[in-house]
Every structure is written in structure tokens, then in C-alpha cells.
Amino acid sequence: MTAADEPAGEPVWKVTLADSTIDVEEIAAVTEVLRSRWLTAGRVTRDFEREFAAAHGAPDAVAVSSGTAALHLAALALGIGPGDEVIVPSLSFVASAAVTALSGATPVFADVVAPDDLTIDPAEVRRLITPRTRAVVAMHYAGHPARLGELAEAAREHGVTLIEDAAHAPLVRSGEDGGGMLGTVGDIGCFSFYSSKNMTTGEGGMLVARDPALLERMRSLRSHALSTSTWDRTRGGVAGYDVDGAGLNYRPTEISSALGRVQLGRLPTDRARRRRLVADYRAALAAEPRIGVPFAERTGDSAHHLMAVLLPPGVPRDEVRAHLRSAGVQTSVHYPPTHRFSHYRRAFASDRRPLPVTDEVTPRLLSLPLHSRMTGAEAVLAADALIAAVRRSGEGRP
Ligand SMILES: *Cc1c(COP(=O)(O)O)cnc(C)c1O
């Protein structure tokens, strides 16, 4: 956005939280779709699915209209419903809990491992599994792999499905022995192409699954569970269709799929830039050791989707964010803990059981700007502004 586009009263950011690269290649790909006049899921979407699957070492994939749609189709295809439980991390975006609740099942909130590993704790998952548990959702926070080996083992022992919420983590090696890419280690992998994600189609998502029959079930539910698609009928003169379940319309458009094909190709260079920026951040933040940097000890692959830090205990986050805002640095919080949202407290009494790590870290979490259009100098500016804000906050008070 330019200054002229900013709504009145909004600050003009020097460093924005997230941004994406939309260049001549994206514009050409979208223009080609518009010229073809076939705008709903068709050939371009099928190509996008095949290319995304191949990049992840998966046999096939299903493109959908959002990451939330992907999670919802996973729950529907598994037949999750009333009486079932799904174990989800509280420290995540609300979507995985929401699709569980919408299915009539109970989201059971699990803690994360530790302040330097904000992914679901496999030991806690084992404690929470009951005969009602149908699935466990692992979310790869900021693109760092969750502990999939231990989670898959627990899931297998108890006959529970492992769903990967890989919204932060396209094209990331899992680091598990023979495990392949994130999204393909568990039974179902769900990706998001929302505007702030590492690759974007504006709105969009993708599904991969180990079991081809399950993937085809999700493909069918994506489009009203019709036995043939409009594309098939238009192309091949297939006469009619049957309906094999209660489905939805979660199809992407050809416009978004065209964007996705180009964006997928940008991920390697995007990744390299993000990795360098994270290194710049870590070097600059080392000047204030009271600021925690989760995942700093990880050496494996990561999407580096977010630059999350932990403020020193007791430093008021609102004050720090206000300081950063006046320095032109946009920040966010990933995430407020789901188990403390009013709906989940009311409907599931989700605040009854303590989640000590989540409750300790979530008031301290802060996300700094990170995207592939940023410069190293901007990362240092944001880090220095944070250090100054932390040192200033609380000064002048008894
Ligand atoms: C973005 C996101 C989602 C939802 O994806 P949408 O495409 O916005 O529906 C789900 N889970 C996580 C962890 C996310 O970051």
C-alpha cells in the first residue's frame, strides 16, 4: 500500500509485517486465464494440484478455496462428528478448533512443548488420547516442523488420524527419517495460500493425503459430492451426475490456481531471503538477551513464515507494540490461545485444564515483520526498535 491508500489515521509503516511478491509472471498467468474465459476449477487447477503434489513428493493433491476449507474437508472426509474428540494445539490459528466444533465434535486443547518449541507436545497428546479421540492436529508453527515422529507413533498406536496443519509450511523437509515433506508425514496435510502466507493466491488452500481413497473423498466433497465435475461434463459430454454425500463448494478459481503455480515456483528464493532475514534478526536481537527467540536452536529446514519473539516476563506487550508502531514497525501476535476464547470456554469449558507453557508464553509473544521484500537493514531497524521499546517500557514507573 502507498501512503495515499492508507485509511485516515492509520500509521504509514516503514516496515510492514507481511508482504508478497506479485510480479509480471503472476499478472501474465492471471491474464491468460481471463482471456481463456474458463474461470472456475479446470485445467489450470489440475496442473497446480499436480505440481504442488510433485514438489511435496505426494502422489496427488486437491486444491481448495482456503486453508480452513482444507481443514473442514479433512474433518468431513474422516466422518468426525458428535461424541468424537480432536486434539488440537491451543497455540494456533482458531480454524482447526472451529472446524472440529462445527463438525459437532469436541476440540481438546493440548499444550506446546516449551517456550523455544511452540509446537504441540507429543507427551501431552498421549495423555489426552481417549477412546473418543479421532484425530490429532499438528501445526508447524512459523514453518518449523512439529515433532511428527513421536506424534505419528502415538497416533498409530491408538488408531488415531494425524492431520498436519501446514498453513505455515509449504515445501519444508520434515527432518524425519524417510519422512519427506511437511504435510505428507501425517495422514492428511492442509495448506493455506491466504494473503499473508509464504505463497499466496489471495485466498486458497491445498490438501494432500497418504490414502488415495481419502484424498478422492475430499476431492468429491469439495464439489457437492457430485460424481462428475462441470469440467468433465463440458469437456467430455458426460450426461448427468449422482450425489454421493453432503458436500460443499470449496473449489478454487482458475485465477487463484494460476497465481499459485507461479507462487510455488518462487518459494525457494523466498525461503533463502527469509532465512537470511531471520539470521539478521537473531544477530541484532542478541544485544538484548532478555528477548527470547523461539526455535533459535533448530538447525533443520523451516519455512521461516514468522519472526516470533518472546518479550521478557512482565514487560507490557501493548506498550512495546505502541513504541514499535510509532517507530513505523508493524507487529502482530501469533496467536492468542484458542482455549481462552469466549466461545471455547463457554461451549467446552476449555479454560478448566491448565496449559502451563501456552499460558506462560502467549502474553509474551510478538511477531516482527518478515517477508521476502524486506531488506536486512529493515530487519535490523525492527530489531533495534524492539530492543529500545523493551528497555524503555516500565521506565519511569515505581
Ligand atoms: C492461515 C491459517 C489457517 C487458515 O487458513 P485460511 O486460508 O486463512 O483459511 C489455518 N491454520 C493456520 C495455522 C493458519 O496460519
Side-chain angles (χ1 to χ4, degrees), residues 17-20 45 48 52 61-76 86-103 107 109-110 112 117-120 135-146 148 151 162-172 182-183 186 188-208 218 222 248-253 255-257 259-260 263-264 274 294-295 302-308 332-339 341 344 358 361-362 365 367 370-371:
L17 183 72
D19 200 351
S20 32
T45 297
F48 181 33
F52 190 91
V62 172
V64 291
S65 51
S66 72
T68 306
L71 290 162
H72 194 198
L73 288 179
L76 289 173
V86 177
I87 300 173
V88 298
S90 169
L91 180 41
S92 181
F93 185 58
V94 67
S96 52
V99 301
T100 302
L102 279 172
S103 307
F109 294 100
V112 291
D117 183 345
L118 304 176
T119 65
I120 192 167
V136 176
V137 178
M139 197 275 274
H140 306 299
Y141 187 100
H144 303 287
L148 288 176
L151 292 165
L162 179 59
I163 298 172
E164 290 178 66
D165 180 345
H168 296 185
L171 218 61
V172 177
L182 294 185
I188 300 177
C190 304
F191 295 85
S192 164
F193 309 133
Y194 177 63
S195 299
S196 64
K197 303 297 204 267
N198 286 24
M199 62 173 279
T200 183
T201 64
E203 300 281 359
M206 192 72 81
L207 280 157
V208 295
M218 295 190 284
R222 168 185 72 170
L248 292 152
N249 175 3
Y250 280 163
R251 293 184 304 268
T253 68
I255 302 165
S256 58
S257 296
L259 270 173
Q263 290 272 300
L264 179 63
R274 286 174 182 270
F295 301 100
S302 170
H304 295 296
H305 174 54
L306 302 171
M307 181 65 214
S332 184
V333 173
H334 296 90
Y335 294 92
T338 312
H339 76 292
F341 285 137
Y344 295 92
T358 300
V361 299
T362 44
L365 269 177
S367 295
L370 184 64
H371 57 83

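The analysis underlying the following values was restricted to heavy atoms, covering all of them including side chains, and did not include hydrogens, waters or symmetry mates. Atoms within each ligand, like the ligands themselves, are counted from 1 in listed order.
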Participant: What atoms in ligand 1 come closer than 4.0 Å to a heavy atom of M139?
Facilitator: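 Those qualifying, in numeric order: 13 (C).
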Participant: If we ignore hydrogens and angles and just use 3.5 Å, is the side chain of D165 paired with the main-chain N or O of S96 as donor and acceptor?
Facilitator: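 Checked: no pair found.
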Participant: Checking the N or O distance criterion of under 3.5 Å, is ligand 1 in contact with E203?
Facilitator: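 Looking only at distances, the answer is no, because the N/O contact criterion of under 3.5 Å is not met.
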Participant: Which residue and non-hydrogen atom of the protein lie closest to atom 5 (O) of ligand 1, and at what distance in Å?
Facilitator: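 Scanning the protein heavy atoms, the shortest distance from atom 5 (O) of ligand 1 goes to S192 OG, 3.2 Å.
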Participant: Pairing donors with acceptors under 3.5 angstrom, does anything connect the side chains of S257 and T45?
Facilitator: yes
Participant: In the protein, what heavy atom is nearest to atom 1 (C) of ligand 1, and what distance, to one decimal place, separates them?
Facilitator: K197 NZ, 1.8 Å
Participant: The test is side-chain contact (heavy atoms from CB on, under 4.5 Å); show your working for Q263 and T200 and say whether it passes.
Facilitator: CA-CA 7 Å; Q263 290 272 300; T200 183; 3.5 Å; yes
Participant: Report yes or no: does Y335 have a heavy atom closer than 4.0 Å to ligand 1?
Facilitator: yes
Participant: Distance to 0.1 Å, residue and atom name: give those for the protein heavy atom nearest to atom 15 (O) of ligand 1.
Facilitator: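 Checked against all protein heavy atoms, atom 15 (O) of ligand 1 sits closest to H168 NE2, 2.9 Å.
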Participant: With a cut-off of 4.0 Å, which atoms of ligand 1 are near a heavy atom of G67?
Facilitator: 5 (O), 6 (P), 7 (O), 9 (O)
Participant: Looking only at protein heavy atoms, which one is nearest to atom 4 (C) of ligand 1, and how far off is it?
Facilitator: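 Checking every protein heavy atom, the shortest distance to atom 4 (C) of ligand 1 gives T68 OG1, 3.6 Å.
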Participant: Does F93, backbone or side chain, put an N or O under 3.5 Å from an N or O of ligand 1?
Facilitator: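 No; the residue has no nitrogen or oxygen that sits under 3.5 Å from a nitrogen or oxygen of the ligand.
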Participant: What distance separates H168 NE2 from M139 CE, expressed to the nearest 0.5 Å?
Facilitator: 4.5 Å
Participant: With rounding to the nearest 0.5 angstrom, report the CG to OG distance, L17 to S196.
Facilitator: 8.0 Å
Participant: Please identify which atoms of ligand 1 are closer than 4.0 Å to at least one heavy atom of S66.
Facilitator: 7 (O), 9 (O)
Participant: For the backbone of G189 and the side chain of E164, can you confirm whether one donor and one acceptor N or O come within less than 3.5 Å of each other?
Facilitator: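 No, the answer is negative, given that no donor and acceptor are paired below the 3.5 Å cut-off.
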Participant: Short list, please: which atoms of ligand 1 are under 4.0 Å from a heavy atom of G204?
Facilitator: 7 (O)
Participant: Taking the minimum heavy-atom distance to atom 13 (C) of ligand 1, which of D165, V94, L306 ranks first?
Facilitator: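 Answer by nearest heavy atom: D165.
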Participant: Once you round to the nearest 0.5 Å, how far does NE2 of H144 lie from CG of L182?
Facilitator: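 It comes to 11.0 Å.
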Participant: For Y194 together with F93, are the ring centres under 6.0 Å from each other?
Facilitator: no
Participant: In ligand 1, which numbered atoms sit nearer than 4.0 Å to a non-hydrogen atom of Y194?
Facilitator: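 Matching atoms, with element in brackets: 7 (O), 8 (O).
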Participant: Strictly distance-based, threshold 3.5 Å: is any side-chain N or O of Y344 a donor or acceptor partner for the main-chain N or O of A98?
Facilitator: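 Judged by distance alone, yes, a pair lies under 3.5 Å.
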Participant: Under 4.0 angstrom from ligand 1, any heavy atom of A70?
Facilitator: no
